[in-house]
Amino acid sequence: MRARETAAQGWRRLKRVLTWPLALLAALIILFEEYAWDELSAALGRLAAWPPLAALERRIAALPPWAALAIFALPAALLLPVKLAALFLIGRGHALLGVLIILLAKVGGTALAARLFALTRPTLMQVAWFVRLYNGFVYWRGRIFERLHASAPWRLAHALAGFFRRGAQRPSFWSRLGQRLARRWRRRP
């Protein structure tokens, strides 16, 4: 009986140690999804100014509901083999390359899924079971966000994102120096 209690205490301790970093990772992933969804969709939308892509987007937006569902599932189906190949590379000792591929697949897949959802949403909302699933997803996502926003890992991830965002907006020493030199150069007689 004593060994079982010791094992249970060890498990609780391990759970406590692992929960915070995993919660931080989940918060960072959700933060990425929350902010990147609209931005990546808009970025792909800007590419649609190219006439062949604009024509393709018009055709996708005009698809019937069953085809819109198939198109919306396309990013997940296309990226599964890529992610499996990345895991294979990680298993073969190419961890950096594998992780880089997974990150690029995540960004690309999110961008494609966001754009396809923007194009097919009116059609998808004609499918009753999709509307029920979507409304359920939105409800549970809201509940999860409420809990997540109250957690310490979320606040830390949000603070880190704000820190990096402010740092990216603030001109660096080198850019300020370059601007100062350019102003002096223009004022030269």
A.B. asks: Please report the interatomic distance CZ(R121) to CG(L116), rounded to the nearest 0.5 Å.
C.D. replies: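 Here the interatomic distance stands at 14.5 Å.
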A.B. asks: Is there a side-chain contact between L74 and L112, using heavy atoms and a 4.5 Å cut-off?
C.D. replies: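 Not in contact.
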A.B. asks: Closest heavy-atom contact between Q126 and P65?
C.D. replies: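 It is OE1-CG, 3.9 Å.
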A.B. asks: Using 0.5 Å steps for rounding, measure from the CG atom of L69 to the OG1 atom of T120.
C.D. replies: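 Here the interatomic distance stands at 8.0 Å.
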A.B. asks: Applying salt bridge (charged side-chain N to carboxylate O under 4.0 Å, His left out), name anything that partners K106, two or more places apart in sequence or on another chain.
C.D. replies: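 K106 satisfies salt bridge (charged side-chain N to carboxylate O under 4.0 Å, His left out) with E33 once adjacent residues are dropped.
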A.B. asks: Decide if atom CG of L84 counts as having more than 12 heavy atoms of other residues, nucleotides or ligands within a radius under 6.0 Å.
C.D. replies: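 Counting other residues, nucleotides and ligands, CG of L84 exceeds 12 neighbours.
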A.B. asks: Can you give me the closest heavy-atom contact between L63 and I71, atom names plus distance?
C.D. replies: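 So the two residues come closest at CD1-CG1, 3.5 Å.
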A.B. asks: Students often mix this up, so state it plainly: with edges at 30° and 60°, are the rings of F72 and F130 parallel, tilted or perpendicular?
C.D. replies: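 Ring orientation, 0 to 90° scale: perpendicular.
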A.B. asks: Give me the atom names and distance for the closest heavy-atom approach of A86 to I101.
C.D. replies: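 Minimum heavy-atom contact is CB-CG2, 3.7 Å.
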A.B. asks: Mind running side chain to side chain contact (heavy atoms under 4.5 Å, CB included) on W129 and V131 for me, showing each step along the way?
C.D. replies: CA-CA 5 Å; W129 63 266; V131 172; over 6 Å; no
A.B. asks: To check you understand the geometry: which heavy-atom pair defines the closest contact between L89 and G98, and what is its length?
C.D. replies: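 Of all heavy-atom pairs spanning L89 and G98, the closest is CB-CA, 4.4 Å.
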A.B. asks: Quick one: CG on L78 to NZ on K83, what's the gap to the nearest 0.5 Å?
C.D. replies: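 Separation between the atoms: 11.5 Å.
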A.B. asks: Can you get from I102 to L97 by hopping between Ile, Leu, Val, Met, Phe, Trp and Tyr side chains that sit under 4.5 Å apart?
C.D. replies: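 Shared cluster, no.
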A.B. asks: Of all heavy-atom pairs between L79 and G109, which one has the smallest distance, and what is that distance?
C.D. replies: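 L79 and G109 have their closest heavy atoms at CD1-CA, 3.2 Å.
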A.B. asks: Taking a hydrophobic cluster as the set of Ile, Leu, Val, Met, Phe, Trp and Tyr residues connected by side-chain heavy atoms closer than 4.5 Å, whether directly or through intermediates, do W66 and L133 fall within one such cluster?
C.D. replies: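 No, no single cluster joins them.
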A.B. asks: Kindly assign one of parallel, tilted or perpendicular to the pair Y134 and F137, based on the angle between their ring planes and the thresholds 30° and 60°.
C.D. replies: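 Tilted.
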A.B. asks: Can you check side chain to side chain contact (heavy atoms under 4.5 Å, CB included) on L124 and F117, steps first, answer last?
C.D. replies: CA-CA 9 Å; L124 292 174; F117 186 68; 4.0 Å; yes
A.B. asks: Measuring from atom OG1 of T110 to atom CZ of R115, what distance do you get when rounded to the nearest 0.5 angstrom?
C.D. replies: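 Reported value, rounded in 0.5 Å steps: 15.0 Å.
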A.B. asks: Could you report the tightest heavy-atom contact between A105 and V82, atom names first, then the distance?
C.D. replies: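 Here A105 and V82 meet closest at CB-CG1, 4.2 Å.
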